[in-house]
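What follows is one structure encoded as structure tokens, with my remarks underneath.
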Amino acid sequence: MEILANVLVALVALLHAYILVMEMFLWQKKPGMSFHGLDAEMARRTASLAANQGLYNGFLAAGLVWGLIADDPTGHRAQIFFLSCVIVAGVYGAATANRRILVAQALPGALALAAVLVAG
């Protein structure tokens with residue numbers, strides 16, 4: 001179960017690293033605009049907001065990687081904390097921005113958290 005938990009945590013970290021790239025570096029380019037359904041003008045006007053969001057996603061990814069490489073109990077506790085942050089951010093994003101965030105962000109975080117807790 002520990003291997004499954006580590007794989008799921010790594011996938012969530014990769015997801016948030018991907019979001020960082022999309023929001024910080026590709027927001028005003030075709031991949032970023034199509035990912036979020038924006039036109040060029042809206043992407044230009046919201047680029048600084050997106051970069052800020054991307055930075056926060058990078059912190060989540062970094063915290064999850066730290067949780068994977070740190071010795072226990074620190075690593076285990078870091079995984080629980082950062083996965084909880086992912087879930088809260090996903091629920092909040094689904095409630096305030098786009099419901100698909102619940103499935104794209106909160107659900108993977110919740111599955112990884114459940115695996116981490118079961119793996120103990």
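The first residue of the sequence shown is numbered 1, and numbering continues consecutively from there. Please read all numbers here as calculations on a predicted model, not as lab measurements.
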[X] with [Y], same ILVMFWY side-chain cluster at under 4.5 Å:
X	Y	value
Ile87	Val9	yes
Val86	Leu102	yes
Ile80	Val12	yes
Val91	Leu117	yes
Val116	Leu111	no

Exercise for the section: Would you list the pairs meeting side chain to side chain donor-acceptor pair (under 3.5 Å) in which at least one residue belongs to residues 61-74, sequence neighbours left out? Expected result: none
As an exercise, state the distance from [atom1] of [X] to [atom2] of [Y], rounded to the nearest 0.5 Å.
X	Y	atom1	atom2	answer
Leu113	Leu83	CG	CG	5.5 Å
Asn57	Leu15	CG	CG	8.0 Å
Ile101	Leu107	CD1	CG	13.5 Å
Gln28	Glu41	CD	CD	9.5 Å
Leu64	Cys85	CG	SG	9.0 Å
His16	Leu11	NE2	CG	11.5 Å

Handout entry: ring-ring contact (aromatic ring centres under 6.0 Å, His included) against Phe81, all qualifying residues, sequence neighbours excluded
Key = none
Practice task
Considering non-hydrogen atoms only, spot the tightest contact between Ala17 and Ala61 and give its length.
Solution key: N-CB, 3.9 Å
Handout entry: Nearest heavy-atom neighbours spanning Ala115 and Leu8
Key = CB-CD1, 3.8 Å
Fill in the blank from the handout: side-chain hydrogen bond (donor to acceptor under 3.5 Å, both in side chains) filter on Arg77, not counting sequence neighbours, yields none
Practice task
Apply side-chain contact (heavy atoms from CB on, under 4.5 Å) to the pair Leu55 and Phe59, showing each step before the final yes or no.
Solution key: CA-CA 6 Å; Leu55 184 62; Phe59 291 141; 3.8 Å; yes
Practice task
Show your reasoning for whether side-chain contact (heavy atoms from CB on, under 4.5 Å) applies to Asp39 and Met33.
Solution key: CA-CA 6 Å; Asp39 61 28; Met33 289 189 298; over 6 Å; no
Practice task
Under the salt bridge (charged side-chain N to carboxylate O under 4.0 Å, His left out) rule, collect the residues that match up with Arg99, sequence neighbours excluded.
Solution key: none
Practice task
Check step by step if side-chain contact (heavy atoms from CB on, under 4.5 Å) holds for Leu68 and Asn6.
Solution key: CA-CA 7 Å; Leu68 287 170; Asn6 288 340; 3.6 Å; yes
Fill in the blank from the handout: Hits for side-chain contact (heavy atoms from CB on, under 4.5 Å) against Tyr92, two or more places apart or cross-chain, chain-then-number order -> Thr96
Exercise for the section: Please list all pairs passing the ring pair (Phe, Tyr, Trp, His ring centres under 6.0 Å) test where one or both residues lie in residues 18-51, with sequence neighbours left out. Expected result: Tyr18-Phe35, Trp27-His36
Handout entry: Positive for side-chain contact (heavy atoms from CB on, under 4.5 Å) with Gln53, one of Met22, Met24, Glu23
Key = Glu23
